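Residue indices begin at 1 and follow the sequence shown. Predicted model only: the values in this text are computed from it and were never measured. The figures that follow rest on heavy atoms only: side chains count, while hydrogens, waters and symmetry mates do not.
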Amino acid sequence: MKTKEKPIGKFINELELPENVKKGIKILTWVIPIIIFSLVIYTGFLESADKKRERDIKSTLEYNFKGKVKEKYISWNHNTPTTKLYDGKEIGSDYGLYNLVQINDSISKEKGVLYVKIYRKESDTSNYLYFDKEYFNILDRKNKID
């Protein structure tokens, strides 16, 4: 009873090569696609920390809000610290801003800036910077290269 060989196996068997070379070629026909697939997955889904920070900065620059804080909570969606304003807008932030802002504070963030102004009755306006200096240094280096 003859076994049916796959086309690539049939082609390799017809070549006049030593058996160990034929086995090596058959193995490579599996290994090379696996390596290529792994590289595609790696480059597509894993981004560098610099690129992630740059993307975070750019999205924060586009974001704006203004209002009075109604409530604060940790969202069930990825445990995101969330501040809800009286107008219903929900602001996801980092824990620094979440811990700093209090109920009934007025907060605002303008488009194009990376800080949030916090207005409180008993004190003057304070600014909360979304990103530390490391983020700015990375963005500066990136912009100088481009």
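- Formation of a donor-acceptor pair under 3.5 Å by the Lys109 side chain with backbone atoms of Val113 is found in this model.
- Other residues, nucleotides and ligands contribute more than 12 heavy atoms inside 6.0 Å of the CD atom of Gln102.
- In terms of modelled atom types and a separation under 3.5 Å, the side chain of Thr82 and the main chain of Thr80 share a donor-acceptor contact.
- Of all heavy-atom pairs between Tyr98 and Ser93, the closest is N-OG, 3.9 Å.
- Looking at every heavy atom in both residues, Arg120 comes nearest to Val101 through NH2-CA, 4.1 Å.
- A cation-pi arrangement is present between Lys89 and Tyr63 under the rule of less than 6.0 angstrom and at most 45 degrees off the ring axis.
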Full working for side-chain contact (heavy atoms from CB on, under 4.5 Å) between Val69 and Asn104: CA-CA 5 Å; Val69 177; Asn104 292 322; over 6 Å; no
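- Side-chain heavy-atom separations under 4.5 angstrom define the hydrophobic clusters, and Tyr86 shares its cluster with no other residue.
- Here the closest heavy-atom approach between residue Leu100 and residue Asp105 is recorded as O-OD2, 4.4 Å.
- Residues Ile91 and Phe65 share a closest heavy-atom pair of CD1-CD1, 3.4 Å.
- Going from atom OH of Tyr95 over to atom CG of Asn79 covers 5.5 Å, rounded to the nearest 0.5 Å.
- In the hydrophobic clustering of this structure, Val40 does not group with Ile34; members are Ile, Leu, Val, Met, Phe, Trp, Tyr whose side-chain heavy atoms approach within less than 4.5 Å, directly or through other members.
- Between Pro81 and Tyr73, every side-chain heavy-atom pair lies at or beyond the 4.5 Å cut-off.
- Heavy atoms only, all atoms of each residue included: Leu97 and Asp94 are closest at N-OD1, 3.0 Å.
- The two residues Ile107 and Thr83 have their closest heavy-atom pair at CD1-CG2, 4.4 Å.
- Residue pairs meeting the salt bridge (charged side-chain N to carboxylate O under 4.0 Å, His left out) criterion with at least one partner in residues 61-81, sequence neighbours excluded, are Glu62-Lys111.
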